[in-house]
Amino acid sequence: MTAVRQDAWSPDDDLMLAEVTLRHIREGSTQLAAFEEVGERIGRTSAACGFRWNSCVRKRYEEAIMLAKQQRQKRNYMKKSAAAPQVSSMTHDAEERAYHPEIAGEETLTMDAVIRFLRQWRNAYQDISRQIKALEKELKEKDEEMFDLRVENERLSREVNSAQTDYRTVNDDYKTLIQIMDRARRLAVLDEEEEAKTRFKMDANGNLERIE
């Protein structure tokens, strides 16, 4: 019994799902049969294949689906003309409406057209992958640049804190110096006042006389 896969769908899985489903549509089979075939080949359930087709893959192949429907109609017409057994077109139309309500256009399907369409889709997917890788590389470079800026910011913050500490120390020393200078100035003024006071001395007769 095949194990049911739980990993993500790869581009090759999507491509196989599209190719097999388009073949079943073109050959007059049902999409359910296509999903069962793909599920057996890639190890997934038919329900998972149907969900993947309806939610993601189908929208990429609208043109190819239209061509496949036209091819199926031509096959049915040829079978009917030859009186060969065929699957009711109403059954197919009901199934198609259940999966997608839009009506297909009027184009003839060729293998070259399908292959060309699938190759274009693959090229577009590769271009998107390259763009994603380029964006991832740019994001990594931005992260490294952001890390360098964060380190530089921390260094500058330390320098600013150190400068602020030095400033506070110098400011405190300056205030202390001003206080010392002010005290010295006041002492000098007091000395000058003491010297400016009138002085007296006693003479030989015992009288006081003023000293200029």
Using a 4.5 Å cut-off between side-chain heavy atoms of Ile, Leu, Val, Met, Phe, Trp and Tyr, which other residues end up in the same hydrophobic cluster as Leu177?
Met181
Hey, could you give me each pair passing side-chain hydrogen bond (donor to acceptor under 3.5 Å, both in side chains) that has a residue in residues 172-185? Not counting sequence neighbours.
Asp182-Arg185, Asp182-Arg186
Residues that, via side-chain heavy atoms closer than 4.5 angstrom, fall in one hydrophobic cluster with Ile180
none
Between Glu37 and His24, is a side chain to side chain contact (heavy atoms under 4.5 Å, CB included) present by the stated rule, with each step listed?
CA-CA 10 Å; Glu37 178 180 341; His24 278 260; 2.7 Å; yes
Are Arg60 and Asp14 within salt-bridge range, i.e. N to O under 4.0 Å?
yes
What pairs of donor and acceptor atoms, side-chain ones from residues 160-169 against any protein atom, are under 3.5 angstrom apart with sequence neighbours left out?
from: Asn161; atom 1: ND2; to: Ser157; atom 2: O; distance (Å): 3.2
from: Thr165; atom 1: OG1; to: Asn161; atom 2: O; distance (Å): 3.0
from: Thr165; atom 1: OG1; to: Arg168; atom 2: NH2; distance (Å): 3.4
from: Thr169; atom 1: OG1; to: Thr165; atom 2: O; distance (Å): 3.0

With salt bridge (Lys or Arg N to Asp or Glu O under 4.0 Å) as the rule and sequence neighbours excluded, what pairs involving residues 131-153 come up?
Glu152-Arg155
Check Leu17 against Trp53 and note the closest heavy-atom contact, atom names and distance.
CD2-N, 3.8 Å
Does a side-chain heavy-atom distance below 4.5 Å link Val20 with Arg41?
yes
Mind checking side-chain contact (heavy atoms from CB on, under 4.5 Å) for Glu27 and listing every partner two or more places apart, or none if nothing turns up?
Arg23, Arg75
Less than 4.5 Å apart, side chain to side chain, heavy atoms only: is that true for Arg44 and Trp9?
yes
Let me confirm one number: the CG-CD distance from Leu67 to Gln71, rounded to the nearest 0.5 Å.
9.0 Å
Roughly how far, to the nearest 0.5 Å, is CG of Leu22 from CZ of Arg58?
9.5 Å
Out of curiosity, Ser46 OG to Phe35 CZ, how far, rounded to the nearest 0.5 Å?
9.0 Å
Here the gap from Lys74 atom NZ to Arg72 atom CZ, rounded to the nearest 0.5 Å, amounts to 14.0 Å
Which heavy-atom pair separates Gln31 from Ile25 by the least distance, and what is that distance?
NE2-CD1, 3.9 Å
Using side-chain contact (heavy atoms from CB on, under 4.5 Å) as the criterion, list what pairs up with Asp12, not counting sequence neighbours.
Ser10, Arg122
Taking ILVMFWY side chains as joined if any heavy atoms are under 4.5 angstrom apart, and letting links pass through other members, which residues group with Leu149?
none
Fellow cluster residues of Phe51, listed by chain then number, with links counted only when side-chain atoms sit under 4.5 Å apart:
none
Residues in side-chain contact (heavy atoms from CB on, under 4.5 Å) contact with Glu19, at least two apart in sequence or another chain:
Leu15, Leu118
Which atom of Ala34 lies closest to which atom of Thr21, heavy atoms considered:
CB-CA, 3.7 Å
List the atom of Ile42, the atom of Asp13, and the distance in Å for their closest heavy-atom pair.
CG2-OD1, 3.9 Å
